[in-house]
Amino acid sequence: MNSPPGKGKREEEQHSGEGGSKGKMNRRGSDCKATEAKIVVSGKMGVGKSALVVRYLTKRFIWEYDPTLESTYRHQITIEDDVMNMEILDTAGQLGEDSTNQWEGHVRWGDGFLLVYSVDDRESFENIAQLKNFLDDIKKPRNVSMVMMANKTDLERERVVSTDEGEKLAQTLACAYYEGSALLGDGVIGEAFEELCREVRRRKMMEGKQRRRSSSQQVKQAFNRVLTKIYS
Ligand SMILES: Nc1nc2c(ncn2[C@@H]2O[C@H](COP(=O)(O)OP(=O)(O)OP(=O)(O)O)[C@@H](O)[C@H]2O)c(=O)[nH]1
């Protein structure tokens with residue numbers, strides 16, 4: 001697997017998911033690429049990106065993370081009998097901020113994007129639409145696989161973004177929406193990561209089919225040209 005681009009210190013860790021089964025062969029050898037998912041976790045500072053990743057991978061919650069570190073993690077899950085190798089990039093800071101080159105690198109590298117906001121931070125919610133525009137500017141809009149995740153639902157009294165608002169925005173951006181709490185560690189977090197993985201897999205398989213269709217059309221056209229020459 002390629003390493004994610006960009007600067008900053010990174011730690012690499014390997015995790016095998018509950019559904020993971022190391023060493024199992026992919027049934028569809030030709031769709032090998034469809035079994036890799038490079039996931040970028042992005043959102044405003046402090047929304048809980050690291051907490052969500054760590055909760056998903058280790059089922060633990062750690063109160064403080066170094067905000068300056070960027071980390072990648074490897075993880076395996078099984079989707080429809082295929083082992084998916086996930087590489088998760090937990091970004092530091094916010095996409096579109098600081099060094100744009102670095103962020104562009106992250107976006108080009110990523111297959112799927114988990115865009116996170118916190119229910120107690122309206123600005124982090126408003127950033128989601130900007131993040132989506134940033135992704136669309138770099139990738140073709142139909143090539144962006146993303147899932148929206150609202151975090152810190154345990155802070156119900158501090159909540160300033162309603163579930164309804166989250167769902168409506170997700171509808172507008174045509175993506176799945178999940179809300180949960182890295183602190184409480186509900187199953188929703190795993191669902192969000194795994195739905196994103198499924199979405200990446202679906203898109204890659206579709207792209208693979210289109211590529212195969214267009215190359216078989218090219219072969220047919222070349223064959224027809226040869227036949228026309230022979231019989232003319
Ligand atoms: N109450 C509550 N606090 C949370 C939750 N998730 C994260 N936090 C806290 O929010 C703060 C920021 O969490 P991080 O995981 O470091 O956030 P981040 O988005 O990775 O931050 P940066 O790396 O600075 O961009 C920490 O103090 C966490 O303990 C949650 O679900 N509930």
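Here the structure is a predicted model, which is why all the values come from computation and not from measurement. Because only heavy atoms are used, hydrogens play no part in the values below, and waters and symmetry mates are left out as well, while side chains stay in. Start at 1 and go down the list; that is how both ligands and their atoms are numbered.
- Under the 3.5 Å distance criterion, the side-chain polar atoms of N151 are matched with a main-chain donor or acceptor of V47.
- Selection from T153, L184, D154 by nearest heavy atom to atom 1 (N) of ligand 1 gives D154.
- Taking every non-hydrogen atom of M45 and a distance limit under 4.0 Å, the qualifying atoms of ligand 1 come out as 24 (O), 25 (O).
- Less than 4.0 angstrom separates some heavy atom of A51 from each of these atoms of ligand 1: 6 (N), 7 (C), 15 (O).
- Atoms of ligand 1 lying under 4.0 Å from at least one heavy atom of L155, given by number and element, are 1 (N).
- Ligand 1 has no N or O atom lying under 3.5 Å from any N or O atom of D90, backbone or side chain.
- Taking distance alone, with nitrogen or oxygen atoms compared against 3.5 Å, L183 approaches ligand 1 more closely than that limit.
- Every N/O-N/O distance between T91 and ligand 1 stays at or above 3.5 Å.
- The contact set between ligand 1 and W63, taken as ligand atoms under 4.0 Å from a residue heavy atom, comprises 26 (C), 27 (O), 28 (C), 29 (O).
- One option in G185, S118, G48, G180 has a heavy atom closer to atom 14 (P) of ligand 1 than any other, and that option is G48.
- Among the atoms of V47, some N or O lies under 3.5 angstrom from an N or O of ligand 1.
- Using modelled atom types, one side-chain atom of S124 and one backbone atom of S118 make a donor-acceptor pair closer than 3.5 Å.
- K139 places a side-chain N or O within 3.5 Å of a backbone atom of G110 that can act as its donor or acceptor partner.
- Within the structure, ring-ring contact (aromatic ring centres under 6.0 Å, His included) pairs that include any residue of residues 189-209 comprise Y56-F193 (at least two apart or interchain).
- Under the side-chain contact (heavy atoms from CB on, under 4.5 Å) criterion, V160 pairs with R122, sequence neighbours left out.
- With a 4.0 Å cut-off on non-hydrogen atoms, N151 touches ligand 1 through its side chain and not its backbone.
- A donor-acceptor pair under 3.5 Å is absent between the side-chain atoms of R55 and the main chain of D186, judged by distance alone.
- Those atoms of ligand 1 that come under 4.0 Å of a heavy atom in A182, given as number and element, are 6 (N), 31 (O).
- Counting only distance, with no hydrogens or angles, the side chain of T78 and the backbone of D81 share no donor-acceptor pair below 3.5 Å.
- Atom 20 (O) of ligand 1 has its nearest heavy-atom neighbour, among S50, S71, A150, G46, in S50.
- The main-chain N or O of T35 is never found under 3.5 Å from a side-chain atom of K204 such that the two would form a donor-acceptor pair.
- A side-chain N or O of Q76 and one of N85 form a donor-acceptor pair less than 3.5 Å apart.
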